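Worksheet: one structure, shown below.
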Amino acid sequence: MSQQASSSLISPKVIQALRSARYVAVLTGAGVSAESGVPTFREAQMGLWAKYNPEALATPQAFQRNPTLVWEWYAWRRQLVGQAKANAGHLALAELEKLVPRFTLITQNVDELHQQAGSSSVIELHGNLNRTICFSERKVVESWPETGDIPPRCPNCGSLLRPDVVWFGETLPAEALSAAFNAAEQCDLFMSIGTSALVHPAASLPVAALERGAILVEINPDTTPLTSHATYALRGPAGQVLPQLLEALPEANLSPNHQNYD
Ligand code: BV8
C-alpha cells in the first residue's frame, strides 16, 4: 500500500530507500517541465491552441491532413521551450545522478530541459522537438532553404519536414525503449515523476520495475493510475519535492543496520 505524503513531509523511509538504492531509474513526464512554464501535455492548451486536443494533433494522420497546422503547433511549442529554463526539479535530478551508485533518466518529454539541467545521459522515449526529420526518409535534417513553405521541404527528396517526435500510433525508438525497460527491470528503486502514467509503452515501465521487486516512488501533485501501486506517493510539485529529497539525502539518519555502499 502506498504511503501518501505531502511534499513538506517526506518520510525518512523514502530518504532511507533512496540512500540505500544501488540503482535508481527515473521516468519523467510533462509535469517536470510545468514549473519551467511549459504547459503539460494534457492540461488545456493556451491561447490559439486552446481549441485543439494535443492527442489529436500528435499523430501522423493529423500531419498528413493538415501539415501546416501541426508544424505551426510544434513551432509554437519550440519557441515556448526555447524560452524555458530548467527548473529546480530538473536540476535536482541532475544532482541525484551524482549521488547514487547507478542512475538512469528516462523521459517522455521532448523539450531537452533535462540535458539543459546537466543530466548526462537522457533516454528520450518520445524524441526531441528541437530535431527535424524528413517525413519520408526519417533522417535528421539540420538545415533547409527558407522558401516560406510551411512545413519546409526536405532538401534531399522534397518531402515535407516534421518534428523528430514519436506521434501516437508510431513506434518508439527501439534502442531507447529497450534501454528503458532494461533500467526498469534492473533498478531497485524506480521514480515516476510528473507523468499521468496514461501513455504506453512508457507507462508500463514503472509496472515492470514493481514486478521485479523495485521500490516505486511517485511524485505528482495529483493522483494517477499508478498512485495506488506506488510504495511511496509524494503528493507535490517536482520542483519542490525533488530538492527536498536531495537536501535530506546526505543527513539521512540511517538505521543502525544500514549497509553503506559508498
Ligand atoms: C506505440 C510526443 C505501437 C509528441 C507523445 C497500450 C494500452 C493503451 C494504449 C496503447 C497501448 N500501446 C499503445 C497504445 C496507443 C498509444 C497510447 O498510449 N495511448 C494512450 C493515450 C491511451 N501509444 C502510442 O501510440 C505509442 N506508440 O505504442 O506504437 C502501437 C501503436 C498503436 C497501438 C498499439 C501499439 C506512442 C506514444 C507516444 C506519443 N507521443 N509525445 C509530442 O509531445 O507532441 S505522448 C505525450 O504524452 C507526451 O510525450 C507526454 O509526455 C506523454 C505522456 O503525458 P505526460 O508526460 O504524463 O503529460 P500529462 O500532461 O498527461 O501529465 C502531466 C502530469 O504531470 C499530470 O499527472 C500532472 O498531475 C503532473 N504535474 C503537473 N504539474 C506538476 C506535475 N507533476 C510534478 N510536478 C509538477 N509541477
Side-chain angles (χ1 to χ4, degrees), residues 6-7 26-46 49 52-63 69-78 80-81 84 86-93 105-114 122-133 162-174 176-178 180-181 191-208 217-227 230 233-245:
S6 76
S7 60
V26 175
L27 172 70
T28 63
V32 164
S33 298
E35 289 152 278
S36 296
V38 179
T40 65
F41 197 71
R42 281 171 188 79
E43 84 188 353
Q45 302 236 76
M46 300 189 291
W49 301 101
Y52 294 99
N53 165 8
E55 267 180 45
L57 283 177
T59 67
Q61 294 76 10
F63 183 77
L69 177 78
V70 175
W71 178 270
E72 295 275 295
W73 180 49
Y74 281 93
W76 171 68
R77 289 175 61 194
R78 203 172 295 120
L80 258 189
V81 163
N87 65 58
H90 294 108
L91 295 167
L93 286 172
L105 177 61
I106 307 153
T107 190
Q108 300 169 91
N109 299 342
V110 294
D111 58 27
E112 242 177 343
L113 289 178
H114 284 303
V122 181
I123 298 176
E124 292 180 317
L125 288 181
H126 295 161
N128 183 320
L129 62 62
N130 291 318
R131 270 197 313 267
T132 298
I133 55 173
R162 55 165 281 183
D164 186 15
V165 297
V166 179
W167 281 329
F168 287 99
E170 293 185 326
T171 47
L172 279 60
L177 190 57
S178 80
F181 271 101
M191 303 178 83
S192 178
I193 309 174
T195 180
S196 57
L198 292 171
V199 172
H200 289 270
S204 313
L205 290 165
V207 176
V217 178
E218 181 181 55
I219 299 176
N220 194 319
D222 299 336
T223 56
T224 73
L226 201 58
T227 307
L234 306 180
R235 187 70 40 78
Q240 281 175 33
V241 175
L242 283 165
Q244 286 178 22
L245 273 177

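For ligands, and for the atoms within them, numbers begin at 1 and follow the listed sequence. Only a predicted model underlies this, so the values are computations on that prediction, with no experimental measurement involved.
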**Report entry** Test item, Leu172 contacting ligand 1 (heavy atom, 4.0 angstrom)
**Finding:** yes
Query raised in the report: Any idea which heavy atoms bring Val38 and Ala84 closest together, and the distance?
Result: CG2-CB, 3.7 Å
Query raised in the report: Does atom 15 (C) of ligand 1 have any protein heavy atom closer than 4.0 Å?
Result: no
Report task. Looking only at non-hydrogen atoms, find the nearest pair between Phe63 and Arg162 and report the distance. Result -> CZ-CB, 4.0 Å
Requested in this report: Check whether any heavy atom of Arg77 sits under 4.0 Å from an atom of ligand 1.
Outcome: yes
Report summary line: Minimal heavy-atom distance between Leu27 and Pro206, with the atoms involved, is CD2-CD, 4.1 Å
Report summary line: Closest to atom 57 (O) of ligand 1 by heavy-atom distance, out of Thr223, Thr195, Asn109, is Thr195
Requested in this report: Between Ala238 and ligand 1, find which residue part has any heavy-atom pair under 4.0 Å and reply side chain, backbone, both or neither.
Outcome: both
Report summary line: Counting from 1 in the order shown, the ligand 1 atoms closer than 4.0 Å to a non-hydrogen atom of Asp222 are 69 (O)
Query raised in the report: Given Gln108, His126, His200, Glu55, which one has a non-hydrogen atom that is nearest to atom 24 (C) of ligand 1?
Result: His200
Report summary line: Atoms of ligand 1 under 4.0 Å from any heavy atom of Pro201, numbered from 1 in the order shown, are 28 (O)
Query raised in the report: Looking only at heavy atoms, which two atoms of Ile219 and Ala238 are closest? And how far apart?
Result: CG2-CA, 4.0 Å
Query raised in the report: For ligand 1, is there an atom lying under 4.0 Å from some heavy atom of Gly239?
Result: no
Query raised in the report: By number and element, which atoms of ligand 1 are closer than 4.0 Å to a non-hydrogen atom of Val166?
Result: 2 (C), 4 (C), 5 (C), 38 (C), 39 (C), 40 (N), 41 (N)
Query - Nearest-contact summary for atom 80 (N) of ligand 1 - protein heavy atom, Å - result: Glu35 OE1, 2.7 Å
Query raised in the report: Who gets closest to atom 75 (C) of ligand 1 by heavy atom: Gly169, Pro221, Ala203, Ala30?
Result: Pro221
Requested in this report: Kindly state if atom 70 (C) of ligand 1 has a protein heavy atom within a strict 4.0 Å cut-off, that is, under 4.0 Å?
Outcome: yes
Query raised in the report: By number and element, which atoms of ligand 1 are closer than 4.0 Å to a non-hydrogen atom of Thr171?
Result: 29 (O)
Requested in this report: Using distance alone, decide if ligand 1 has a nitrogen or oxygen within less than 3.5 Å of any nitrogen or oxygen in Gly194.
Outcome: yes
Report task. Output the list of atoms in ligand 1 that are nearer than 4.0 Å to some heavy atom of Gly29, sorted by atom number. Result -> 56 (O)
Query - Which of the ligand 1 atoms, numbered from 1, are nearer than 4.0 Å to a heavy atom of Pro237 - result: 78 (N), 79 (C), 80 (N)
Query raised in the report: In terms of atom number and element, which parts of ligand 1 are under 4.0 angstrom from non-hydrogen atoms of Ala34?
Result: 73 (N)
Query raised in the report: Of the options Leu93, Leu234, Val241, Leu105, which is the one that meets Ile193 in a side-chain contact (heavy atoms from CB on, under 4.5 Å)?
Result: Leu93
Query raised in the report: So which heavy atom in the protein is nearest atom 68 (C) of ligand 1, and how far is it from that ligand atom?
Result: Asn220 OD1, 3.7 Å
Query - Trp73 ring center within less than 6.0 Å of Tyr52 ring center - result: no
Query - Protein heavy atom under 4.0 Å of atom 42 (C) of ligand 1 - result: yes
Report task. Report, in ascending order of atom number, the atoms of ligand 1 lying under 4.0 Å from any heavy atom of Ser196. Result -> 57 (O), 59 (P), 61 (O), 62 (O), 64 (C), 67 (O)
**Report entry** Residue among Thr171, Leu172, Val199 satisfying side-chain contact (heavy atoms from CB on, under 4.5 Å) with Val166
**Finding:** Leu172
Report summary line: Taking every heavy atom of Asn53 against every heavy atom of Glu55, the minimum-distance pair comes out as OD1-N, 2.8 Å
Requested in this report: Considering non-hydrogen atoms only, spot the tightest contact between Ala197 and Thr224 and give its length.
Outcome: CB-OG1, 4.2 Å
Query raised in the report: Considering only the protein, which heavy-atom contact is closest to atom 54 (O) of ligand 1, and what is its distance?
Result: Arg42 NH1, 2.8 Å
**Report entry** Proximity to ligand 1 by part of Glu170, non-hydrogen separation under 4.0 Å
**Finding:** backbone
Query raised in the report: Has the side chain of Ser33 got a donor or acceptor atom that lies under 3.5 Å from a matching backbone atom of Ser36?
Result: no
